[in-house]
Amino acid sequence: MSRFARMLFVMVIVAFARSTGAMELSGADGLIDFDSIVGFSEPKSISVFRSADPGDHLYFIVPNSIRLQQNLDKTPEFSLFHRRSSAVKEGYATFSLKPFIDAEDLEAIVSGIRAADSQAVFGVPQPIMSSFYITGPEMGTTGLTNENDAGNPLLTKSAFSVPVSSIAVRASLLPASYKFPIFTIGHVFVLKGTSRDSQGVTQVIQRKFVTSFVMYGVCALSPELVVDLDTGKSGCTEQRYSRTTIMKIQQGLVLAGYSPGKVDGVMGPNTEAAIRKFQTDHALIVDGIPSAKILELLQAG
């Protein structure tokens, strides 16, 4: 694509974004000037580089992190399948990732750059190499095969399915699994651009970037995402709690206007649902776990 065609294409995207009040990024071709990065007064979710072509007013947007893609109901596109009855407890996970660009960051950056360069246009570069990986207990570093590899991985979501080790499954099924990291998921990509050496000579180079995030256990926070293939049931490993403590919590929930079901000291699904509702209403971590903190709040009235 010629420079004129590229500029026109991106300008159309930006003009549309201006009219709708939203910034929809598209891909952009060309070399990046790695020595011309736009500086910010505080950390942002993206990095911004000028084009290596001095006649361009093109700015390359590079995401600094990745996140789990979300469904329409805001739950992450992640599922962990396992067999609870299996002695080995191996399983597999399916999930989708997408580069994260904070909308407020983008709007502020675009406004700031346009204040100094009224002809500025913006696009996301296409990596010349892209690979994903996951690390976890007894998994080492495992390469991931992108099931949606047709698009630009810095713009579109990438989907994966990967075997999960026994110990990682067991850790993921703990009700308190959100308290410690289980998986690290990363994206390694290479961009092409220019850089000047110590003599001031411009050279075409390739630069590697790495983005990643740490994933904590999901069963406590989103039990519906963890599924037992033998029974079809979702949720964490069942835990045993003091019958006296559960009965006190149930009594407190009833008095507070919640519905834990029968007050029998048994930690069943109705009691868990009532605890989750209580936690939501009191700005607590919503994990469904009958803790001493919940009992204390209930008894305090």
Side-chain angles (χ1 to χ4, degrees), residues 1-70 74 97-130 151-158 186-198 200 202-214:
M1 183 183 290
S2 68
R3 188 183 81 185
F4 174 77
R6 181 175 73 250
M7 293 279 287
L8 179 61
F9 177 68
V10 179
M11 286 174 69
V12 170
I13 295 295
V14 173
F16 175 77
R18 282 174 174 166
S19 67
T20 59
M23 181 73 181
E24 292 293 336
L25 290 171
S26 183
D29 298 324
L31 292 176
I32 297 170
D33 184 353
F34 290 123
D35 295 327
S36 184
I37 185 171
V38 178
F40 308 120
S41 59
E42 56 186 37
K44 300 293 185 183
S45 62
I46 57 178
S47 296
V48 181
F49 297 90
R50 289 291 305 260
S51 168
D53 186 334
D56 258 350
H57 292 269
L58 174 61
Y59 293 79
F60 289 98
I61 304 293
V62 180
N64 289 334
S65 62
I66 53 175
R67 301 277 180 88
L68 286 172
Q69 173 76 349
Q70 290 191 335
K74 302 302 183 181
L97 306 175
K98 193 170 184 180
F100 174 70
I101 296 177
D102 182 83
E104 292 185 0
D105 279 357
L106 183 60
E107 182 180 358
I109 289 167
V110 168
S111 298
I113 291 175
R114 285 208 183 110
D117 182 358
S118 61
Q119 301 181 63
V121 291
F122 303 85
V124 177
Q126 174 74 46
I128 61 175
M129 188 282 289
S130 171
N152 183 340
L154 297 183
L155 273 174
T156 58
K157 76 174 184 179
S158 302
H187 181 204
V188 181
F189 57 94
V190 175
L191 301 176
K192 191 173 184 179
T194 64
S195 182
R196 285 165 284 281
D197 62 18
S198 58
T202 299
Q203 298 177 324
V204 176
I205 65 169
Q206 297 178 4
R207 180 166 292 181
K208 182 169 73 172
F209 294 77
V210 180
T211 60
S212 63
F213 72 98
V214 175

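Positions are given from 1, in the same order as the sequence printed here. All figures in this text were calculated on a predicted structure; none of them were measured in a lab.
A heavy-atom distance below 4.5 Å is not found between the side chains of I109 and V38. Between Y59 and V110 the shortest side-chain heavy-atom distance does not fall below 4.5 Å. Counting only heavy atoms from C-beta outward, the side chains of D105 and F40 never approach each other to under 4.5 Å. Within the 4.5 Å cutoff, the side chain of I128 has heavy atoms near those of the Q206 side chain. When side chains are defined from C-beta on, F189 counts as touching T211, because their heavy atoms get closer than 4.5 Å. Counting heavy atoms from C-beta on, the side chains of Q126 and L155 never come closer than 4.5 Å. At least one side-chain heavy atom of R114 sits less than 4.5 Å from a side-chain heavy atom of F122.
Taking every heavy atom of both residues into account, K98 and Q69 meet most closely at CD-OE1, 3.2 Å. Taking all atoms of both residues into account, the shortest heavy-atom contact from P153 to P99 is O-CG, 3.0 Å. Shortest non-hydrogen contact noted between R196 and G200 is CG-O, 3.9 Å. Across all their heavy atoms, A120 and I113 have their closest contact at CB-CG2, 3.8 Å.
Taking OG1 of T194 as the reference point, atom CD of Q203 lies at 10.0 Å (rounded to 0.5 Å). The CZ atom of F213 lies 5.5 Å from the CG atom of L97; values are rounded to the nearest 0.5 Å. Note that OG of S212 and NE2 of H187 are 11.5 Å apart. Values are rounded to the nearest 0.5 Å. The structure places OG of S111 at 9.0 Å from CG of L106, a figure rounded to the nearest 0.5 Å. Atoms CG and CG, on L31 and L191 in that order, are 11.0 Å from each other to the nearest 0.5 Å.
At least one donor-acceptor pair under 3.5 Å links the side chain of R50 to the backbone N or O of D56. Between the D102 side chain and the S45 main chain, no donor and acceptor come within less than 3.5 Å of each other. Remark: the backbone N or O of P125 is paired with a side-chain donor or acceptor of N152 at under 3.5 angstrom. Side-chain atoms of D33 never come within 3.5 Å of backbone atoms of A52 as a donor-acceptor pair (strictly under, hydrogens ignored).
Surrounding CD of E104 are at most 12 heavy atoms belonging to other residues, nucleotides or ligands under 6.0 Å away.
With hydrogens and angles left out, the side-chain atoms of S195 and D35 include a donor and acceptor closer than 3.5 Å.
Aromatic pair F60/F49: centroids not less than 6.0 angstrom apart.
A salt bridge between D29 and K192 is absent, with no side-chain N of the basic residue lying under 4.0 Å from a carboxylate O of the acidic one.
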